[in-house]
Structure formats: C-alpha cells, structure tokens
Amino acid sequence: MAESNWYVVHTYSGYENKVKADIEKTIENRKLQDQILEVSVPMQDVVEVKNGAKKNVSKKMFPGYVLIHMVMNDDTWYVVRNTRGVTGFVGPGSKPVPLTEEEMLPLGINVKQTFSDYEVGDTVVVTSGVWESTVGVVKAVNQGKQIVTINVDLFGRETPVELGFTEIKKM
C-alpha cells in the first residue's frame with residue numbers, strides 16, 4: 001500500500017461538514033476506502049457565556065478547512081478537488097503538501113498507526129463493549145481506521161458490526 005498522509009483542504013466557509021459528507025459519500029460510491037482513509041473537521045469544546053448563562057458548545061478549530069487522511073494519487077486528488085464546496089488543497093500552486101507529525105499532535109489526531117494481522121475469515125472473540133464474549137468471523141479489515149467488521153447474531157439475523165483492533169482477539 002502506498003503511503004498515506006494528512007492533507008488540508010480549503011472550503012467555502014460554513015461548508016466544512018457538507019464537504020466532509022460529500023467526500024465520504026463519494027468514497028463509498030467509488031469504493032475508495034483503501035485510498036481515502038478519513039475525513040475530519042476538527043472540533044473543540046468551548047464555554048460560551050450568553051445572557052449570564054454558561055453553555056458548552058463545539059466550535060470548528062479551523063473554519064473553512066477540512067483534514068483528509070489519504071493516499072495522494074491522481075484519482076484521490078481529482079475526487080477531493082472536484083467536490084462541491086472545495087476551493088483547493090493547501091500548498092504552493094496546485095501541489096498539496098502533507099501535514100507533518102508535529103503539526104498533527106496539537107489536533108489530537110493519532111498519526112502513528114498500528115497494523116494488525118487480522119485477515120478476512122479469522123475467527124475472533126470480542127473482549128470489551130456491548131458485544132463482549134461474542135464470537136464472530138472477520139468480514140472486512142480497515143487498517144487505516146484500525147477496525148474490523150464482523151457479523152453478529154442480532155434478533156436471529158446476521159448484522160455487521162465494526163470494532164476496533166483493541167476490542168477483539170483471535171481465537
């Protein structure tokens with residue numbers, strides 16, 4: 001797999017969440033999950049005082065910008081660049097510049113990834129959460145998001161459930 005990095009995309013102000021949703025929909029439609037790994041609009045919790053009352057609200061850390069974890073190639077560049085509301089990548093000219101690890105740390109986004117040896121067809125047991133002690137067979141593995149999809153029996157039907165690498169172990 002080619003190297004993935006975080007890139008910053010400039011959007012029209014107020015369109016950050018719409019751009020995120022549109023890119024995620026395109027990823028699903030074009031089956032680009034292994035190339036565009038994550039789309040993020042960093043938020044921060046702040047306390048606002050209005051009319052003497054304190055209120056906790058989430059605000060965008062960088063209004064007008066969306067962060068994208070992706071493998072840069074012609075296809076992914078085209079998909080992101082031609083999404084409605086995107087004005088371009090951050091970087092000189094038309095060349096996107098990936099964020100460094102030092103730039104990612106204050107955002108609370110984990111740059112270092114752990115890769116697992118889980119494979120489709122592995123039998124696993126869930127070690128924590130609501131599905132604890134459930135046994136399932138791995139149907140899909142997403143190394144970028146560090147999750148696996150297993151089918152669990154829910155009301156007599158097989159239902160896909162996404163779980164983090166730390167929530168399961170091989171049998």
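Just so you know, these numbers come straight off a predicted model, no measurement behind them.
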| said: Looking at Lys60, I'd like to know if its NZ atom is crowded, meaning that more than 12 non-hydrogen atoms belonging to other residues, nucleotides or ligands lie closer than 6.0 Å. | reply: yes

| Does some side-chain heavy atom of Glu38 sit less than 4.5 Å from a side-chain heavy atom of Trp6? | yes

| query | Is Ile23 close to Val80 at the side-chain level, that is, under 4.5 Å between some pair of heavy atoms? | reply | yes

| message | Looking only at the aromatic ring of each residue, does the gap between the centers of His10 and Phe89 stay below 6.0 angstrom? | response | no

| remark: Smallest heavy-atom separation, Val71 atom then Ser4 atom, equals CG2-CB, 3.9 Å

| Honestly curious: do Val148 and Val137 fall in one hydrophobic cluster under the side-chain, below-4.5 Å linking rule? | no

| Could you go step by step and tell me if Thr76 and Asn73 meet the side-chain hydrogen bond (donor to acceptor under 3.5 Å, both in side chains) rule? | CA-CA 6 Å; Thr76 57; Asn73 59 37; 3.1 Å; yes

| request: Walk me through it: do Thr87 and Tyr12 pass the test side chain to side chain contact (heavy atoms under 4.5 Å, CB included)? | output: CA-CA 7 Å; Thr87 59; Tyr12 295 130; 3.5 Å; yes

| said: Please determine whether residues Met43 and Val9 belong to a single hydrophobic cluster, defined as Ile, Leu, Val, Met, Phe, Trp and Tyr linked transitively by side-chain heavy-atom distances below 4.5 Å. | reply: yes

| request: Could you tell me whether Glu24 and Lys20 have a side-chain N and a carboxylate O separated by less than 4.0 Å? | output: yes

| said: With rounding to the nearest 0.5 angstrom, report the CG to CD distance, Leu37 to Gln33. | reply: 10.0 Å

| query | With side chains defined as the heavy atoms from C-beta onward, is the minimum distance between Leu67 and His69 less than 4.5 Å? | reply | no

| task | Please examine the side chains of Asp45 and Asn56, heavy atoms only from C-beta on, and report whether any two atoms are closer than 4.5 Å. | result | no

| Roughly how far apart are Leu163 CG and Thr149 OG1, rounded to 0.5 Å? | 8.0 Å

| query | Which heavy-atom pair separates Val79 from Arg30 by the least distance, and what is that distance? | reply | CG2-NH1, 3.4 Å

| query | More than 12 non-hydrogen atoms from neighbouring residues, nucleotides or ligands closer than 6.0 Å to NZ on Lys170, yes or no? | reply | yes

| field | Note, Asn5 side chain near Met72 side chain (heavy atom, < 4.5 Å) | value | no

| field | Path from Val97 to Ile36 over hydrophobic side-chain contacts below 4.5 Å | value | no

| said: For a quick test of reading the model, state the closest non-hydrogen atom pair linking Thr127 to Ile168 and the distance between them. | reply: OG1-N, 3.7 Å

| task | Answer yes or no: does atom CG of Asn29 have more than 12 heavy-atom neighbours from other residues, nucleotides or ligands under 6.0 Å? | result | yes

| task | Verify, without hydrogens or angle tests, whether Glu16 (side chain) and Gly64 (backbone) share a donor-acceptor contact under 3.5 angstrom. | result | yes

| field | Main-chain N/O of Gly164 paired with Glu167 side-chain donor or acceptor, under 3.5 Å | value | yes

| query | Of the non-hydrogen atoms in Pro96 and Pro98, which two are nearest, and what is the gap between them? | reply | O-CD, 3.9 Å

| message | Can you confirm whether Val39 sits close enough to Ile27 that some side-chain heavy atom of one is under 4.5 Å from a side-chain heavy atom of the other? | response | yes

| Heavy-atom side-chain proximity of Ile150 to Val126 below 4.5 angstrom | yes

